[in-house]
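Note that these values count all heavy atoms, side chains included, but never hydrogens, waters or copies made by symmetry.
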Amino acid sequence: MSFHEAFVWTILRSVVAAGLAVPLSVYLSRLVQQSTGRSRFWWMLLVLCPLVAPDLIIGYGYRSFELSLLHRPVLNHWFYFVLVLLKFLPAAAVVRICSPPAPVSKAALHCARLVESRTAGKRQHRSMRSKTEWLRHIPVFGIVFLLSMQEFEIASLLQIPAWTVHVFDAQAGGLNPVATLKLLIGPVLVQTIVLV
């Protein structure tokens with residue numbers, strides 16, 4: 001697989017992982033926020049464990065299972081995707097928990113719902129509700145996208161084609177720095193757009 005194909009697959013994988021992380025992070029953040037006292041600490045610790053687990057340990061731990069999927073590349077890719085999603089889902093929950101409250105309060109949404117009898121009121125209510133929901137989801141999507149796009153260790157240990165693995169292999173093979181910088185233009189551009 002060429003660098004550009006691996007780059008496209010990495011972007012697609014990251015978009016799907018980030019898209020799935022948005023609704024799953026709602027559930028995880030509610031689970032943590034609804035707990036109280038000592039149980040909240042334990043729930044938070046349980047949620048954060050996958051995020052702070054070293055990638056090399058995860059990769060080595062699942063390498064023997066991955067070898068059984070060596071002749072089934074599709075299952076191997078799905079397995080890697082699930083590992084990446086589980087690894088970075090806690091980051092999505094933390095972003096959701098630590099994010100500021102929605103710019104449109106629940107009281108404002110209720111008032112907008114009360115004036116729904118007019119056509120303009122219906123449009124205003126839908127606009128306010130979608131703006132409130134999207135503003136909460138954008139940072140969650142962005143952080144999971146960036147983290148999964150940058151993931152390297154698990155992909156290299158499970159022999160998954162990713163742009164980061166291609167760049168590392170090219171550097172280990174003696175690629176000159178100017179050619180490496182040319183390879184990095186596309187990934188850095190995509191990540192900059194997501195950051196902005």
hydrophobic_cluster_shared for [Y] and [X], side chain cutoff 4.5 Å:
X: Leu147; Y: Val188; answer: yes
X: Phe168; Y: Leu183; answer: no
X: Leu48; Y: Val26; answer: no
X: Leu89; Y: Val194; answer: yes

Looking at residues at least two apart in the chain, or sitting in another chain, which of them share a side-chain contact (heavy atoms from CB on, under 4.5 Å) with [X]?
X: Leu86; value: Val82
X: Val8; value: Leu12
X: Leu46; value: Trp43
X: Ala155; value: Tyr80, Glu151, Ile160, Ala162, Val165

Is there a side-chain contact between Pro187 and Phe7 in this structure, where contact means two heavy atoms from C-beta onward sitting under 4.5 Å apart?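 When only atoms from C-beta onward are counted, Phe7 and Pro187 do touch, with a gap below 4.5 Å.
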Is there side-chain contact between Ile97 and Leu28, with heavy atoms separated by less than 4.5 Å?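 Answer no - side chains too far apart.
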Quick one: name the residues clustered hydrophobically with Phe41, using the 4.5 Å side-chain heavy-atom rule over I, L, V, M, F, W, Y, and just say none if it's on its own. Trp42, Leu45
For Leu189, which fellow cluster members are found when Ile, Leu, Val, Met, Phe, Trp and Tyr are connected by side-chain heavy-atom distances below 4.5 angstrom, either directly or through intermediates?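 Under the 4.5 Å side-chain rule, Leu189 groups with Ile193.
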Would Met149 and Val190 count as a side-chain contact (heavy atoms from CB on, under 4.5 Å) here? Give the steps. CA-CA 10 Å; Met149 190 170 170; Val190 168; 4.1 Å; yes
What are the two closest heavy atoms between [X] and [Y], and how far apart are they?
X: Pro161; Y: His77; result: CD-CE1, 3.5 Å
X: Val47; Y: Ala93; result: CG1-CB, 4.3 Å
X: Ala21; Y: Val140; result: O-CG1, 4.2 Å
X: Val144; Y: Ala18; result: CG1-CA, 3.7 Å

Reported [atom1]-to-[atom2] distance for the pair [X] and [Y], which is rounded to 0.5 angstrom:
X: Ile138; Y: Ile143; atom1: CD1; atom2: CD1; value: 14.0 Å
X: Phe79; Y: Ile154; atom1: CZ; atom2: CD1; value: 9.5 Å
X: Arg40; Y: Leu31; atom1: CZ; atom2: CG; value: 11.0 Å
X: Leu85; Y: Leu20; atom1: CG; atom2: CG; value: 6.0 Å
X: Cys49; Y: Lys87; atom1: SG; atom2: NZ; value: 10.5 Å
X: Thr192; Y: Leu146; atom1: OG1; atom2: CG; value: 9.5 Å

What is the ring orientation for Phe145 with Phe141, classed by angle as parallel under 30°, tilted 30 to 60°, or perpendicular over 60°? parallel
Per the side-chain hydrogen bond (donor to acceptor under 3.5 Å, both in side chains) rule, what does the pair list look like for residues 163-191, sequence neighbours excluded? Gln150-Gln191, Gln171-Thr180
Tell me which pairs pass side-chain hydrogen bond (donor to acceptor under 3.5 Å, both in side chains) where either residue lies in residues 17-30, with sequence neighbours left out.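 Residue pairs passing side-chain hydrogen bond (donor to acceptor under 3.5 Å, both in side chains), neighbours aside: Ser25-Arg96.
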Pairs touching residues 174-196 that satisfy ring pair (Phe, Tyr, Trp, His ring centres under 6.0 Å), sequence neighbours left out: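 Every pair satisfying ring pair (Phe, Tyr, Trp, His ring centres under 6.0 Å) with a residue in residues 174-196: there are none.
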